Number of protein chains: 2
Amino acid sequence: MNITEVARRAGVSRSTVSYALSGNRPVSDTTRARIQSVIDELGYRPNASARALANGRTRSLGLVFPPASSHYTDMQLEFIGSVAEAAAAAEHDVLLSASGDGDRALSRLVEERRVDGVIMMEIRLHDERVDYLLDAGFPFVTIGRIADPERTRWVDLDHSALTAACVRQLAGLGHRTIAFVNRSERLVRAGYESAHRGLDGFECAAQEHGVVTRAYRCDDDAAAGEALIERILAEQPRTTAIVTVNEAALGGLYRGLAKAGLSVPRDFSITGIAASRWAEAVTPQLTAADVPAHRMGLLAVDLLLELIENPDSPPRHVLLDQPVSLRASAGAAPAR
Amino acid sequence: MNITEVARRAGVSRSTVSYALSGNRPVSDTTRARIQSVIDELGYRPNASARALANGRTRSLGLVFPPASSHYTDMQLEFIGSVAEAAAAAEHDVLLSASGDGDRALSRLVEERRVDGVIMMEIRLHDERVDYLLDAGFPFVTIGRIADPERTRWVDLDHSALTAACVRQLAGLGHRTIAFVNRSERLVRAGYESAHRGLDGFECAAQEHGVVTRAYRCDDDAAAGEALIERILAEQPRTTAIVTVNEAALGGLYRGLAKAGLSVPRDFSITGIAASRWAEAVTPQLTAADVPAHRMGLLAVDLLLELIENPDSPPRHVLLDQPVSLRASAGAAPAR
DNA sequence: TTGAAAGCGCTACCAC
DNA sequence: GTGGTAGCGCTTTCAA
C-alpha cells in the first residue's frame with residue numbers, strides 16, 4: 001500500500017499524489033478528489049521512514065531522562081506526559097531515551113538521526129551531555145539549566161527563589177533553626193542543578209534572616225526520610241522547621257516527626273518544593289511551591305520546535321517562578 | 001557522513017562497508033580493519049531512517065499510555081521506565097504515544113509504520129484498540145488483559161487474586177464489614193480491567209468469608225479519598241476495614257480516617273494494591289500487594305520482541321501473582 | 001496543472 | 001572475499 005499504488009489507481013503520477021498530500025503545489029480539485037477517494041478506499045498512509053529519509057526530518061523529538069536505577073519522581077512523570085501530549089499536538093512523536101551508561105543512548109539518537117531535536121531532563125550544573133549537543137550543533141532544550149545558562153535554551157523553575165521564599169516564610173513565623181533536606185548524596189555529587197540552586201537559595205535567605213541552618217542530603221525514599229529526622233533532631237535539637245526539595249522522602253519525614261512525638265505544625269514546621277500530588281497526600285498537607293511540571297513540558301516542546309524550524313534563532317529560555325501554596329504544614333515556631 | 005563516503009575513503013564498495021557493519025557476510029580482517037578505522041575517524045553512524053526503509057524494521061517499539069487528562073499513577077511511571085530500559089538493552093527505541101482522541105495516535109504508529117510493535121497500558125475489558133490491532137495483524141502486547149484473554153499476548157497482575165488475598169487476611173483478623181475503594185467512576189465505566197477484576201476478587205472472597213461489603217469508586221486524588229471516608233463511615237458505620245486499588249487516593253484515605261478520629265490499625269485497617277513507593281510513604285505503612293511494575297515492563301518487552309522476531313509464534317502471556325507485603329496498616333478488628 | 005526522474009542512505013541479491 | 005546495483009517509499013526539481 002504505497003504511493004505508487006495510489007498513483008496507479010488514481011491514474012496520476014506519484015508526484016501528483018505527493019503534492020496532493022503535502023499541498024506544496026497546486027492540484028486541481030478534480031484530481032485531488034480522485035486521489036483522495038483512492039486513499040480513503042485503500043486506507044493509505046505514507047510510510048514514516050521513507051518520508052523521514054526523503055526530507056531529512058523524522059518528526060520525532062527525543063526525551064532524555066535518567067536511567068531507571070535512580071528513583072523516578074512524580075514530576076518526571078508529569079513532564080513525560082506533557083511532552084508527549086504537546087508533541088502529539090504538533091504531529092510529532094516522542095522517542096524515550098533512558099540515558100545511562102556513558103550516554104550511548106543519547107549519541108544513538110543524535111548520530112543516527114533518529115530525532116530532530118532533544119529535550120533533556122535532570123540537568124547538572126556541568127553537564128557533559130549539554131557540551132556534547134552543543135559541539136554536535138544538534139537542536140536541544142533542557143528542563144533545568146547549566147551553570148552558564150546563556151549559551152543554551154531551557155525552561156527551569158527558579159529553585160533558589162523558591163527555597164528562599166520558604167525560608168522567608170518560616171523566619172516570619174519565628175523559626176530560628178531550620179534544616180534543609182536535599183536530594184540524595186549521589187545526585188548532589190553529580191551536580192544536579194535543582195539540588196544546588198535550591199540549597200543556594202536556602203542558605204542565602206537564611207543568612208539574610210539570621211537563621212541557623214544545617215543542610216542534609218537524603219535518599220529518594222521514605223525510609224531515608226524517616227531516618228534523617230532522627231539524625232537532624234540528634235545533631236541540632238533546636239531545629240523547629242525543615243525546607244525540603246525531596247518529594248520522595250516526604251512521607252518518611254512526616255513519619256519520622258510523628259515517631260519523635262512532634263506534631264506538625266504545632267511542634268515542627270515543614271515546607272518545600274514538590275509535586276502537588278505529594279504535597280496533598282501527606283497530612284497535614286504540605287505548604288510548598290508546586291512544581292508546574294505540565295507547563296514546563298509544554299514550554300520545552302514549544303522552544304524545541306521553534307529551534308528546529310529556525311536553527312539560527314537566538315537562545316531563548318523561560319525561568320518560572322511559582323507561588324508557595326499555603327497549606328497546613330507550616331505554623332508559628334514553638335516556644336522552647 | 002554516509003556509507004558512500006566511508007566506502008570511498010576505505011577504498012571499498014558500499015556493500016562491503018554494509019556487510020562489515022552487519023556481519024551478514026564474511027569480510028577479510030584487513031578490509032574490516034581499514035573500514036573500521038575510517039569509521040572511527042569520521043565518527044560514522046548509519047542513518048536510522050534509511051536503515052528502517054531498507055530493511056522494513058524501525059527498531060522501535062510503541063508504548064501507548066493514557067492521555068494526560070487522566071491522572072497518571074506511579075505504576076505507570078515505573079512501566080515507562082522499565083520498558084525504555086528493556087528496549088534499550090535490546091537496541092530498540094521506545095516511541096511514546098498518549099492515545100487519546102479516538103486513537104489517531106495509535107493508528108499513526110501502526111499505519112505509518114513508525115514502530116515494529118506496540119505495548120499497550122491501561123487495558124479495558126472490551127478494548128477497541130485491541131480489536132483494531134488484531135484486525136490490522138500488527139504485533140502487540142498488553143499490560144493487562146481483555147475479557148477474552150486467549151486471543152492476545154499480555155502480562156498482567158492477578159488483581160482478583162490480590163484483592164481476594166486482602167479480604168482473606170482482613171477476615172482472618174476478625175473484620176466483618178469491609179469497604180472496597182476502587183478507581184474513579186470514569187475508569188470503572190470505561191471498563192478498566194484492573195478495576196473490574198479487583199472488584200470481582202474482592203466480592204467473591206467476601207462472600208466466601210461471609211463478610212459484609214460495599215464498593216465505592218473514588219477519583220484518583222487525595223481530596224477524593226478524604227471525602228470518601230466520610231461517606232463510608234456515614235453509610236456503613238460498622239465498617240472496620242478498607243481494601244483499595246486506588247493508590248493515588250491513599251494519602252486522602254489516611255487523612256480522612258485521622259479526621260474521623262480513627263487510628264490505623266487500632267480502630268481501622270486498610271490494605272490493598274499499590275506501588276511500594278506509596279505504600280511506604282503513608283504512616284502507618286500500608287499492608288499491600290506491591291505492583292511489580294518494573295518486572296511487568298521487562299516482560300512486556302520480551303514478549304513483544306519475541307513476537308516481532310517470530311510473527312507466527314503462539315500467543316503467550318504471563319499472569320503474575322504477588323504476595324501481600326505485611327506492613328503496619330492492618331490489625332485485629334476492634335471490638336464494637 | 002501534471003509527469004518523469006533523480007535522489008535520500010542503506011541493504012541484500014546477483015555476479016565474479 | 002568483493003563489487004555492482006536494484007530496490008525500500010517518498011519528496012522535489014526540472015521540464016512540459
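Hydrogens, waters and symmetry mates play no part in the numbers below; they use all other heavy atoms, side chains included. In this text the structure is predicted, and so the values were computed from the model without any measurement. Below, read A as the first sequence line, B as the second, and so on, with proteins coming before strands; counting in each chain starts at 1.
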In whole angstrom, what separates Leu42(B)'s CG from dG9(C)'s P? 14 Å
What is the minimum heavy-atom distance between Ile146(B) and Leu125(B), and which atoms define it? CB-O, 3.4 Å
Atom pair distance, as rounded to whole Å: CG in Asn2(A) and P in dT11(D): 12 Å
Look at the side chain of Tyr19(B) against the base of dC13(C) and say whether a donor-acceptor pair falls under 3.5 Å; ignore hydrogens and angles. yes
Hey, which sits more toward the 5' end of DNA chain D by its nearest nucleotide, Pro26(B) or Tyr44(A)? Pro26(B)
Scan side-chain atoms only and decide if Ser107(A) and Arg45(B) contain a donor-acceptor pair under the 3.5 Å cut-off. yes
Rounded to whole Å, please give me the gap between CZ in Arg45(A) and P in dG9(D). 17 Å
Under a 4.0 Å heavy-atom cutoff, the residues of residues 47-61 of chain B touching DNA chain D are Leu53(B), Ala54(B)
Have Ser18(B) and Ser15(B) got a donor and an acceptor in their side chains that come within less than 3.5 Å? no
Taking donor-acceptor contacts at under 3.5 Å, does the side chain of Ser15(A) reach the base of dA4(C)? yes
How about His317(B) and Arg153(B): does a side-chain donor come under 3.5 Å of a side-chain acceptor? no
Counting only heavy atoms and a strict 4.0 angstrom limit, can you tell me which residues of residues 29-36 of chain B come near DNA chain C? none
Regarding the side chain of Arg25(A), the nearest nucleotide among dT12(D), dG3(C), dG3(D) is dG3(C)
Quickly work out the Leu21(A) CG to dC10(D) P distance and round it to whole Å. 9 Å
If you measure from the Lys or Arg side-chain nitrogens to the Asp or Glu carboxylate oxygens, is any gap between Asp93(B) and Arg59(B) under 4.0 Å? no
Considering just the side-chain nitrogens and oxygens of Ser22(B), establish if one lies under 4.0 Å of OP1 or OP2 belonging to dT11(C). no
I need the Leu133(A) CG to Thr152(A) OG1 distance, nearest 0.5 Å. 10.5 Å
Side chain of Arg14(B), heavy atoms from C-beta onward: which of dT11(D), dA12(C), dC10(C) has the nearest atom to it? dC10(C)
Check every strand shown and say whether Ser18(A) touches a base, only sugar-phosphate, or nothing at a heavy-atom separation below 4.0 Å. base
Rounded to whole Å, CD1 of Ile3(A) lies from C1' of dT12(D) at a distance of 11 Å
d(Leu320(B) CG, Asp156(B) CG) to nearest 0.5 Å is 8.0 Å
Ignoring hydrogens and angles, state whether a donor on the side chain of Asn310(A) or Glu306(A) is under 3.5 Å from an acceptor on the partner side chain. no
Does a side-chain N or O of Ser13(A) approach OP1 or OP2 of dT2(C) to a distance below 4.0 Å, or not? no
If you check every side-chain atom of Thr16(A), which of dA6(C), dT2(C), dC13(C) has the closest atom? dT2(C)
List the atom of Trp154(A), the atom of Pro149(A), and the distance in Å for their closest heavy-atom pair. NE1-O, 3.0 Å
Distance in angstrom units between Asn24(A) CG and dT2(C) P, rounded: 15 Å
Would you say CZ of Arg295(A) has more than 12 non-hydrogen atoms from neighbouring residues, nucleotides or ligands within 6.0 angstrom? no
